[in-house]
Protein chains: 2
Amino acid sequence: MARPSLHTAVLDSVGRAITSGDAPPGTPLTLDGIGAQHGVSRTVAREVMRMLEGLGMVRSRRRVGLVVLGIEDWNVLDPRIIRWRLQGPGRDAQLRSLTELRHAVEPLAAAGAARHAGPQVRGELLDLARRMRSTGEAGDLTEFLALDVRMHELLLRSSGNEMFGPLADVVAEVLAGRTHLGLMPASPVPEALDQHEAVARAVADGDPDAAEAAMAAIVGEVRHALARRDGERVGS
Amino acid sequence: MARPSLHTAVLDSVGRAITSGDAPPGTPLTLDGIGAQHGVSRTVAREVMRMLEGLGMVRSRRRVGLVVLGIEDWNVLDPRIIRWRLQGPGRDAQLRSLTELRHAVEPLAAAGAARHAGPQVRGELLDLARRMRSTGEAGDLTEFLALDVRMHELLLRSSGNEMFGPLADVVAEVLAGRTHLGLMPASPVPEALDQHEAVARAVADGDPDAAEAAMAAIVGEVRHALARRDGERVGS
DNA sequence: CATGCCTCATTGGTGGCACCTTTGCCAACA
DNA sequence: TGTTGGCAAAGGTGCCACCAATGAGGCATG
């Protein structure tokens, strides 16, 4: 999948430098500078710069070079920017933003899946819910995470809205980040298992309203948990 | 704003060719072909190609050229792709997808604005709601549209979630497309005016739950209207 | 018919060149 | 001292020629 192209390496390096705040807005870059710093020719630097420009991260001005733009100009929905921000200092804020976005989209995606999903998807959802229960009760967190990710991905991709599909990757990232950060209980709470099963059943039964409600319950709990954490943080 | 760069013109041309289905997935392009077709050098064609690759619209393979990818690989959240799809044959589907996305996000954005908006934003929202009522009752649809767009943009941009801001552009596009397609009544219904005013007041009062509920009511009505239209279409 | 080698089209990457815009400096002048 | 005007350099824009790598398709051989 990842081709060993010079561009990708340089692009990742510069992109991370920008998202990490290492190159704050207003910083002037030059093609020669990028080329020299990474040991690539001007051509490669130019093409990397074009990609960064396409991401809204730099703006090329003559005589001055490539000025780094602020986050308000970035394509913050782009997977690459999301990935870069998830590494580095912005990880926390990015995770919170993604969580909120996820909570906005997933109930509607579940409703859409209840309308549009094919029979084999509905079957897999039921199977996933079953396996989530068994692995969850067994306390196998990593396997549980994989099933959880798969279920949300399946819902987003079969929601009938092609703009929801790309969010599956960020949901996976959020879920992984959440367990990795120790935000998950040692063993999934029974309510979560019930609600995931409810979503799967509602989608399998083709009941959009029930699917939306069940998914809203899932994300609503996480939301409140996050708000609680925010409250603690604010209070400290 | 739009700099007269060669890249932008060529990029727009090729991008539109892909989104319009004029260059269906699997179509092989070549750098020399693009260059010759648009009268630009290989260098420019290469940089355009890099941007398209960044958008997930083509994949460059040696000996074969640039293969056009299917929509499942596109960065469908990217503003450029959205703009291209809004022109051309995909406009209808794109408008529907964007509407659904909007309905997912806007209630949460309103709640966020009630928490995070600054005092001048809250004031402007109240003012906008007032002027929407007067222009709406006067039947000035174009001015009403401008106020409507401004209100939603303000809510999204001051929602405290930097991932919601970029959606302001697409919301503007959706609203404009809706009135332009004649989906709006000749004069805004009183309920819409009331609900917009309710959102503005809730945000001004710092009541997130009320803001979210009021915005959900706004988008919920549009959603049902769309579903009704879909039903008619399916039945025909 | 299968297999393996060969060819060549096309991208990947480099370097150099002319041009143009913009900036920042510096000098001349009020 | 402040303002204006010109001037030179910096750096992106676009073009071209060149070579390396690679992989798809054809050809030859068993």
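Each chain gets a letter, A, B and so on, in the order its sequence line appears, and its residues count up from 1. Reckoned from all heavy atoms, side chains included, excluding hydrogens, waters and symmetry mates.
Checking side-chain atoms of B:Arg115 against main-chain N and O of B:Gly160 turns up no donor-acceptor pair under 3.5 Å. At least one donor-acceptor pair under 3.5 Å links the side chain of A:Asp140 to the backbone N or O of A:Glu143. Judged by distance alone, with hydrogens and angles left aside, the side-chain atoms of B:Trp74 form a donor-acceptor pair with the main-chain N or O of B:Leu69 at under 3.5 Å.
Across the protein-nucleic acid pair, A:Leu66 atom CG and D:dA10 atom C1' stand 13 Å apart, rounded to whole Å. Taking atom CD of B:Glu53 as the reference point, atom P of C:dT10 lies 18 Å away to the nearest angstrom. In this structure, A:Met49 places its CE atom 11 Å from C1' of D:dG11, rounding to the nearest Å. What separates CZ of A:Arg50 from C1' of D:dG14 is a distance of 10 Å, to the nearest Å. Straight-line distance from the NE2 atom of A:His7 to the P atom of C:dG12: 7 Å, rounded to whole Å. A:Arg46 has its CZ atom 15 Å from the P atom of D:dG11, to the nearest Å.
Aromatic rings of A:His7 and A:His38 (six-membered ring for Trp) have centroids beyond the 6.0 Å cut-off, not under it.
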I'd like to compare against my own output: the B/S/- annotation of nucleotides 18-25 of chain C with a strict under-4.0 Å heavy-atom distance to protein. --BBBB--
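Across residues 22-35 of chain B, not one residue has a non-hydrogen atom less than 4.0 Å from an atom of DNA chain D.
Looking at A:Arg157 and A:Asp169, a side-chain N of the basic residue comes within less than 4.0 Å of a carboxylate O on the acidic one, giving a salt bridge.
Between the side chains of B:Asn161 and B:His116, no donor N or O sits under 3.5 Å from an acceptor N or O.
Residue A:Ser5 has its side chain nearest to C:dG13 when only D:dG12, C:dG13, D:dG14 are considered.
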Please step through salt bridge (charged side-chain N to carboxylate O under 4.0 Å, His left out) for the pair A:Glu47 and B:Arg46, ending with a clear verdict. CA-CA 8 Å; A:Glu47 292 174 12; B:Arg46 281 171 67 163; 3.2 Å; yes
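The residue from B:His152, B:His103, B:His196 that alone fulfils the side-chain contact (heavy atoms from CB on, under 4.5 Å) condition with B:Met215 is B:His152.
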